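Throughout, a chain's letter reflects where its sequence line sits, starting with A, and its residues are numbered from 1. Just so we're clear, the structure is a prediction, and the values are computed from it rather than from any experiment. Computed over heavy atoms, backbone and side chain alike; hydrogens, waters and symmetry mates excluded.
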Amino acid sequence: MRKAYRSRVRIYYDILNAVLSQGHAKITVIMRDANLPYDRLQKYLEELAEKGLLARHPDDPSLFYVTEKGLRFVEEFQRFARLARAFGLEI
Amino acid sequence: MLSILLNIIRIDVVLELVSFAICVFISLSFLRAYLRLGSSTLALLSAGFGLMGGAMLVRALTIGAAFFGLFGRELGRSLTPYLFQVELLYSVVRVTAYLFFVLAYVLHPAFRREAQAAVVPPAVLLIYNPAFELMSVVVLAYVVAASTYNWVRSGSKGSVSVAAGFWALLLSHLLFALTPLNILLYFAGHAAQLLSLLLILWGALEAMRG
């Protein structure tokens with residue numbers, strides 16, 4: 001059984017969604033919920049932080065939270081994912 | 001005889017321009033989504049509808065100019081090779097647009113089938129327009145099958161309109177191909193094309209409304 005391919009933007013969404021479902025999340029929780037190994041997740045977390053979609057909690061740097069920009073990204077992803085699904089496609 | 005021909009062309013140009021406007025709207029919606037998210041699925045759909053729209057605009061403008069303006073005095077002599085070239089370009093771009101749709105379904109299907117059908121577009125006999133229409137039918141058949149499969153399998157919002165839209169687009173090409181039998185089939189083809197784009201537009205708007 002071939003593993004389904006996940007695009008970069010889909011992985012971003014899965015990570016942000018994993019954090020959002022907890023409010024604030026530690027890296028181990030994100031690894032489990034977004035189904036990513038530690039080294040790849042680290043790379044994506046850096047990218048998301050650079051893009052301003054995700055940030056470390058000021059009081060506890062081991063916790064991540066989704067920024068306002070990240071929330072907008074999640075909403076737009078869901079909207080456009082519905083659009084793609086109407087065509088029978090994944091984004 | 002010439003006045004009948006001019007009336008036919010006039011309706012043809014207007015319908016083509018309406019279809020162009022719808023294509024541009026759909027293409028820009030996907031382009032906006034692509035620019036926000038950077039997904040290649042959205043880029044392929046935007047490119048497909050953009051090419052369709054571009055082809056329609058070029059055809060409407062050049063055919064319109066040929067009949068109503070630029071070639072007024074030398075209509076009979078200069079028209080035939082000119083129109084042939086425009087129709088050839090139009091058909092090639094339309095088939096290319098459908099290949100973009102096929103590529104999107106091959107690369108990013110929502111559901112993977114056990115065995116993917118091979119898509120081998122015919123690369124010969126590109127000189128006669130009905131053949132182009134039939135080629136469009138062959139290429140589009142894959143898109144129709146994939147979108148119908150999606151509707152049956154997922155039933156997601158807008159999927160029924162999108163699938164119906166691609167069926168109508170397929171029908172329009174069949175009608176265009178059968179035009180030598182009766183000129184009315186040509187207009188039926190245009191009506192089916194317009195209906196197809198409206199259905200796809202409706203499906204896209206319905207899906208985005210959530």
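- Annotation: A:Phe77, atom CZ; neighbour count of heavy atoms from other residues, nucleotides and ligands within 6.0 Å is above 12.
- Minimum heavy-atom separation, B:Ala207 to A:Ala86: CB-CB, 3.7 Å.
- The part of B:Phe30 that comes within reach of chain A is its side chain, from C-beta onward, which places non-hydrogen atoms under 4.5 angstrom from that chain.
- In terms of heavy-atom pairs under 4.5 angstrom with chain A, the leader among B:Ser39, B:Ser40, B:Ser29, B:Gly38 is B:Ser39.
- When all heavy atoms of B:Ser156 and A:Arg85 are compared, the closest pair comes out as OG-O, 3.3 Å.
- A donor-acceptor contact shorter than 3.5 Å is absent between the side chain of B:Asn150 and the backbone of A:Leu89.
- The backbone N or O of A:Phe87 sits less than 3.5 Å from a side-chain atom of B:Tyr105, completing a donor-acceptor pair.
- Heavy atoms only, all atoms of each residue included: B:Met208 and A:Arg82 are closest at O-NH2, 3.2 Å.
- For a residue to count as touching a neighbouring chain, one of its non-hydrogen atoms must lie under 4.5 Å from one of that chain's; by this rule B:Leu45 touches chain A with the side chain only.
- Applying the ring pair (Phe, Tyr, Trp, His ring centres under 6.0 Å) rule to pairs touching residues 23-57 of chain A yields A:His24-A:His57, sequence neighbours excluded.
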Point to revise | side chain to side chain contact (heavy atoms under 4.5 Å, CB included) between A:Tyr13 and B:Leu37, worked out | key: CA-CA 10 Å; A:Tyr13 171 76; B:Leu37 299 178; over 6 Å; no

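- For A:Lys43, the NZ atom is densely surrounded, since the number of other residues' heavy atoms within 6.0 Å is greater than 12.
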